[in-house]
Amino acid sequence: MTGRLLVVEYEQVKEEQRARIGFRDNLLYATLASMAAIITFTLQKPGRPELLLLLPPASVVLGWTYLVNDEKISAIGRYVREELDPRLTALAVPPRGQVFGWESAHRSDRRRVSRKRLQLGVDLLLFCAAPLAALTVYWSKGPAGAVLFTVSLAETALVAVLGAQITRYADLRRP
């Protein structure tokens with residue numbers, strides 16, 4: 001009976017993980033679309049570089065949502081590896097190795113760390129470098145007043161915090 005309950009729990013957390021993966025991956029497209037819309041809108045209004053100040057908040061909100069979902073996806077995998085698998089393995093008759101071997105096997109790939117580094121680079125490029133480029137363009141055109149300049153500095157800080165969090169949660173360690 002306990003084994004069946006653990007399998008049902010596994011199925012539920014894996015379903016949540018699948019849903020979060022789909023949502024997280026769609027956030028990349030949503031971010032690109034929002035950036036394209038903001039840049040297009042800015043280009044249609046010549047002489048209004050302050051419109052680029054819309055890009056950093058959009059990137060930070062979408063980037064934070066991406067990061068939170070990515071962390072929950074990893075947390076689910078960790079839970080399956082460290083909690084569910086050992087409990088089910090202990091119930092197996094006859095005793096055997098891991099019940100959910102894939103949960104660990106895909107993490108032991110020798111190229112995993114390089115893939116994670118590349119993903120970190122992509123995440124930082126999309127969610128941090130692009131908004132910083134927009135701010136740089138805004139500043140190069142001459143800030144439109146003290147209030148908007150202050151807003152741009154606050155946005156820079158937000159992007160920096162997001163970049164630090166993306167880097168912190170990148171999970172670059174070997175299994």
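The chain is numbered in sequence order, starting from 1. Source: prediction; values computed, not measured.
Here the shortest heavy-atom pairing between Gly163 and Cys128 reads CA-SG, 3.4 Å. Shortest non-hydrogen contact noted between Ser34 and Ala58 is OG-CB, 4.3 Å. Here the shortest heavy-atom pairing between Ser152 and Trp139 reads OG-NE1, 2.8 Å. Counting all heavy atoms, side chain and backbone alike, Tyr138 lies closest to Pro49 at CD1-O, 3.6 Å.
The CG atom of Leu124 lies 10.0 Å from the CG atom of Leu132; values are rounded to the nearest 0.5 Å. Interatomic distance, CD1 of Ile21 versus CG of Asn26, reported as 12.0 Å (0.5 Å rounding). Once rounded to the nearest 0.5 Å, the distance linking CZ of Arg81 with OG of Ser74 reads 8.0 Å. Rounding to the nearest 0.5 Å places CD1 of Ile76 at 10.0 Å from CZ of Arg18. Distance CG/Leu162 to CD1/Ile166: 4.0 Å, rounded to 0.5 Å. The structure places CG of Leu158 at 11.5 Å from CG of Leu153, a figure rounded to the nearest 0.5 Å.
Using a distance-only test at 3.5 Å, with no hydrogens or angles considered, no donor-acceptor pair links the side chain of Arg20 to the main chain of Glu16. Proximity of a side-chain donor or acceptor of Thr40 to a complementary backbone N or O of Ala37 within less than 3.5 Å is not detected.
A heavy-atom distance below 4.5 Å is not found between the side chains of Ile38 and Met35.
Under 3.5 Å, the side chains of Asp70 and Tyr169 contain no donor-acceptor pair of N or O atoms. Inspection of the Gln17 and Lys14 side chains reveals an N or O donor paired with an N or O acceptor under 3.5 Å. A donor and an acceptor atom, one from each side chain of Tyr79 and Glu9, are located under 3.5 Å apart.
Under the 4.5 Å side-chain contact rule for hydrophobic residues, Val137 and Phe149 do not share a cluster. In this structure, Trp64 is not a member of the same hydrophobic cluster as Ile73, with clusters built from ILVMFWY side-chain heavy atoms closer than 4.5 Å. Residues Leu148 and Leu54 share a single hydrophobic cluster, defined by chaining ILVMFWY side chains whose heavy atoms lie under 4.5 Å apart. No chain of hydrophobic side-chain contacts below 4.5 Å, direct or via other Ile, Leu, Val, Met, Phe, Trp or Tyr residues, connects Val161 to Leu120. Under the 4.5 Å side-chain contact rule for hydrophobic residues, Val7 and Val13 share a cluster.
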Checking Leu55 against Thr42 for the side-chain contact (heavy atoms from CB on, under 4.5 Å) test, could you report, in this order, the C-alpha distance in whole Å, the side-chain angles of both residues, the deciding distance, and whether it holds?
CA-CA 10 Å; Leu55 202 142; Thr42 302; over 6 Å; no

For Leu32 and Leu28, run side-chain contact (heavy atoms from CB on, under 4.5 Å): C-alpha distance rounded to whole Å, both residues' side-chain angles, the deciding distance at 0.1 Å, then the answer.
CA-CA 6 Å; Leu32 289 170; Leu28 297 171; 5.5 Å; no

Intermediate values then yes/no, side-chain contact (heavy atoms from CB on, under 4.5 Å), Leu51 and Phe41:
CA-CA 8 Å; Leu51 294 173; Phe41 184 64; 3.8 Å; yes

Please walk me through it: do Leu52 and Leu135 pass side-chain contact (heavy atoms from CB on, under 4.5 Å)?
CA-CA 7 Å; Leu52 288 171; Leu135 287 164; over 6 Å; no

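A side-chain contact (heavy atoms from CB on, under 4.5 Å) with Leu6 is found for one member of Glu83, Arg87, Glu11 and no other, namely Arg87. When each of Asn69, Val68, Thr65 is paired with Arg24, the side-chain contact (heavy atoms from CB on, under 4.5 Å) condition holds for Asn69 and for no other.
The pair Lys45-Glu50 does not count as a salt bridge, with every side-chain nitrogen at least 4.0 angstrom from each carboxylate oxygen.
Applying the 6.0 Å contact sphere to NZ of Lys116 captures more than 12 heavy atoms from other residues, nucleotides or ligands. The neighbour count for Arg168 CZ, taken as heavy atoms of other residues, nucleotides or ligands under 6.0 Å away, does not exceed 12.
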